[in-house]
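In what follows, every heavy atom counts, from backbone to side chain, and hydrogens, waters and symmetry copies are set aside. Note on naming: letters A, B, ... go to the chains in the order of the sequence lines (proteins, then strands), and numbering restarts at 1 for each one. On a predicted model such as this, the values are computed, not experimentally measured, just so you know.
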Amino acid sequence: MSVVTRFAPSPTGRLHVGNIRTALHNYLFAKKHGGTFILRIDDTDRERSTAEFDQAIRDDLDWMGLRPDMIVRQSERFDLYEREFQRLKEAGRVYACYETPEELDLRRKVLLGRGLPPVYERQPADAPVPEGRAPHWRFRLDHEAPIVFTDLIRGEQRFDPKLLSDPVVRREDGSWLYLLPSVIDDVDLGVTHVVRGEDHVSNSAAQTQMFEALGAKPPQFAHEALLVAAEGKLSKRLGSYGAEHLRAEGVEPMALLSLLARIGTSQPVEPVANLAELAGGFDFSTFGRAPAHFDPNEVALVNARLLHRLDLAAVADRLPQGATEEDWLLLRPNLERLSDFTAWFAVLHGDVDPPELGHEERLLVKDAAAIAEKLDWAAEPWRALTDELKRTSGRKGRELFHPLRLALTGRESGPEMAGLVARMGRDRAVRRLEAAAKR
RNA sequence: GGCCCCAUCGUCUAGCGGUCUAGGACGUCGCCCUUUCACGGCGAAAACACGGGUUCGAUUCCCGUUGGGGUCACCA
């Protein structure tokens with residue numbers, strides 16, 4: 001049987017690192033086994049779901065190369081839910097309830113106050129039905145059958161159904177809550193593996209019975225430990241590391257994905273060039289069970305390391321017009337993000353603002369300009385320039401190089417000067433040295 | 001509050017009773033390369049939360065404490 005996974009976001013916001021990680025794991029597991037990766041848009045909540053977020057989610061997945069083999073929307077499948085719902089109703093697995101949210105809330109507080117688990121208490125069969133009120137519907141958990149399933153990450157999971165509330169599956173107005181439609185879809189689409197955060201384990205327990213009530217075998221579950229922010233402790237804050245933010249920061253998708261695929265596992269976080277390679281090493285047994293700390297700085301680190309080994313071909317279409325292989329190899333080791341390339345490209349082929357230098361440095365740079373003027377640029381201009389200047393000025397080491405670097409590139413640090421100087425050409429070099437001397 | 005999960009270097013983790021003078025990766029620090037900074041190469045420092053057991057012997061098993069995470073919605 002071939003593997004089928006699904007990623008089921010609701011279009012009520014953009015993707016963030018937690019979401020993306022779940023999507024990625026579903027994708028990688030499916031691809032590793034030559035299976036199918038489904039994107040299921042969970043838009044049963046018509047109040048909060050928007051077409052814009054629906055689109056944004058697909059764009060973000062596309063940006064990362066996480067292409068779904070199939071896309072379905074729950075809002076287009078209500079007929080199916082209706083049919084299955086009727087079946088469950090006839091089988092007595094779904095029943096009508098008439099409590100108001102306020103009543104339920106109060107009851108919960110009372111139980112909690114008495115130190116009891118706030119589990120929903122079923123009404124007796126002969127309880128009076130309030131007049132003129134539409135019911136909402138709950139799924140009847142089988143209290144006699146202990147719920148047991150083997151989680152791919154957490155091992156054997158056991159739940160006493162008596163400690164679980166019968167989940168509400170449908171509201172008074174007929175709208176759906178996510179629990180049941182999700183199961184119906186998983187059955188219908190042949191989902192074999194449900195990979196999601198550990199905040200869903202108790203949902204999985206209840207859903208296990210729903211699969212069975214529908215006459216289906218529950219899928220394999222894998223509940224991964226959540227990500228928490230490195231600073232502070234609220235996992236909610238992770239929301240700020242959204243896809244749009246990461247994209248705006250100039251993060252390479254594969255850098256993000258390399259980190260997200262490995263964080264919280266026993267495998268080293270290292271830049272990996274493509275999804276296929278990531279999929280090859282994917283293994284639930286390497287997943288830890290403790291929440292992992294997500295540190296945005298780590299994304300930047302992986303991003304830089306990834307860039308340093310990328311070939312020109314991988315980035316050529318995102319580089320400025322006229323950038324050559326030589327430019328790329330020269331500048332690449334110094335990039336933290338690809339967009340840095342543009343500024344360095346200007347150092348080679350455009351203009352830079354002259355820096356402010358001290359009196360001594362201005363004199364040095366003025367001498368440098370005079371020397372540079374006469375050099376054979378086809379030989380080793382940087383070597384020749386610095387050798388000569390060392391002799392005339394008596395300076396060496398940082399004393400000598402720092403002012404030259406500043407004058408020639410406008411920056412404190414950067415790639416190898418020899419390469420930069422040779423590449424920028426004599427005219428540009430002389431012009432900059434003179435400009436810095438005058439400033 | 002009930003229930004569930006977790007607890008090893010700063011971080012992610014390996015370890016499944018003796019093989020641990022506790023291994024790897026990221027970060028940090030140092031050295032090398034570079035007549036500068038960075039890149040790169042090499043190396044070093046750095047951890048078994050605490051208290052009880054069990055055992056000839058506990059990082060490893062059990063209990064408790066402390067600490068973290070999750071969940072108990074007519075959200076997903």
Describe the nucleic acid contact of A/Asn203 in one word from base, sugar-phosphate, nothing, applying a heavy-atom distance below 4.0 Å. base
Please find out if less than 6.0 Å separates the ring center of A/His25 from that of A/Phe287. yes
Using a heavy-atom cut-off of 4.0 Å across all strands, would you classify A/His402 as base, sugar-phosphate, or nothing? nothing
Please examine the side chains of A/Arg423 and A/Thr324, heavy atoms only from C-beta on, and report whether any two atoms are closer than 4.5 Å. yes
Using the C1' atom on both, measure B/C4 against B/C48 and round to a whole Å. 25 Å
Measure the acute angle between the ring planes of A/Phe149 and A/Phe159, then classify it against the limits of 30° and 60° as parallel, tilted or perpendicular. parallel
So, do A/Tyr95 and A/Arg122 sit near enough that their side-chain heavy atoms are less than 4.5 Å apart? yes
Would you mind classifying the nucleic acid contact of A/Arg398 as base, sugar-phosphate or nothing, using non-hydrogen atoms under 4.0 angstrom? sugar-phosphate
Point-to-point distance, once rounded to the nearest 0.5 Å, from CD1 of A/Ile371 to CG of A/Leu389: 4.5 Å
Reckon A/Asp105 touches a base, only the sugar-phosphate, or nothing at all at heavy-atom distances under 4.0 Å? nothing
So A/Gly264, base contact, sugar-phosphate only, or nothing? Heavy-atom distance under 4.0 Å. sugar-phosphate
Hey, does the side chain of A/Arg114 come within less than 4.0 Å of B/G1's phosphate (OP1/OP2), counting only N and O? no
A/Phe211: which residues meet the ring pair (Phe, Tyr, Trp, His ring centres under 6.0 Å) condition with it, sequence neighbours left out? none
Which part of the nucleic acid, if any, lies within reach of A/Glu399 when heavy atoms closer than 4.0 Å are counted: base, sugar-phosphate only, or nothing? nothing
Return a single string for nucleotides 24-33 of chain B, one symbol per nucleotide in 5' to 3' order, where B is base contact, S is sugar-phosphate-only contact and - is none, cutoff 4.0 angstrom on heavy atoms. -SSS------
Centroid distance under 5.5 Å and plane angle under 30°, A/His223 vs B/G70: no
Would one find a side-chain N or O of A/Arg171 under 4.0 angstrom from OP1 or OP2 of B/C75? yes
Work out how far the P atom of B/G53 is from that of B/A58, and round it to whole angstrom. 12 Å
Under 4.0 Å between any heavy atoms, over every strand shown, what does A/Ser202 touch: base, sugar-phosphate, or nothing? Just pick one. sugar-phosphate
One character per nucleotide, please: for nucleotides 4-10 of chain B, 5' to 3', B when the base has a protein heavy atom closer than 4.0 Å, S when only the sugar-phosphate does, - otherwise. SSS----
Is there a side-chain contact between A/Pro181 and A/Arg40 in this structure, where contact means two heavy atoms from C-beta onward sitting under 4.5 Å apart? no
Taking any heavy-atom pair under 4.0 Å as a contact, classify A/Leu177: base, sugar-phosphate, or nothing. sugar-phosphate
Using a cut-off of less than 4.0 Å, is there contact between a side-chain N or O of A/His293 and OP1 or OP2 of B/C12? yes
In terms of ring plane angle, is the pair A/Phe282 and A/Phe29 parallel, tilted or perpendicular, where the classes change at 30° and 60°? perpendicular
Do the two ring centres, one from A/Phe345 and one from A/Trp328, sit under 6.0 Å apart? no
A/Ala435: partners by side chain to side chain contact (heavy atoms under 4.5 Å, CB included), with sequence neighbours left out: A/Pro354
Can you find a pair of side-chain heavy atoms, one from A/Val299 and one from A/Phe294, that are under 4.5 Å apart? yes
OP1 or OP2 of B/C75 less than 4.0 angstrom from a side-chain nitrogen or oxygen of A/Thr12, does that happen here? no
All ring pair (Phe, Tyr, Trp, His ring centres under 6.0 Å) counterparts of A/Tyr27, not counting sequence neighbours: A/Phe37
A/Arg138 side chain near B/C74 phosphate (N/O to OP1/OP2, under 4.0 Å): yes
Name the pairs: protein N/O against N/O of nucleotides 62-64 of chain B, kept only if under 3.5 Å.
none

P gap between B/C37 and B/C31, integer Å: 11 Å
Touch check for A/Asp42, heavy atoms < 4.0 angstrom, all strands: base, sugar-phosphate only, or nothing? sugar-phosphate
In whole angstrom, give me the gap between the P atoms of B/A49 and B/G30. 30 Å
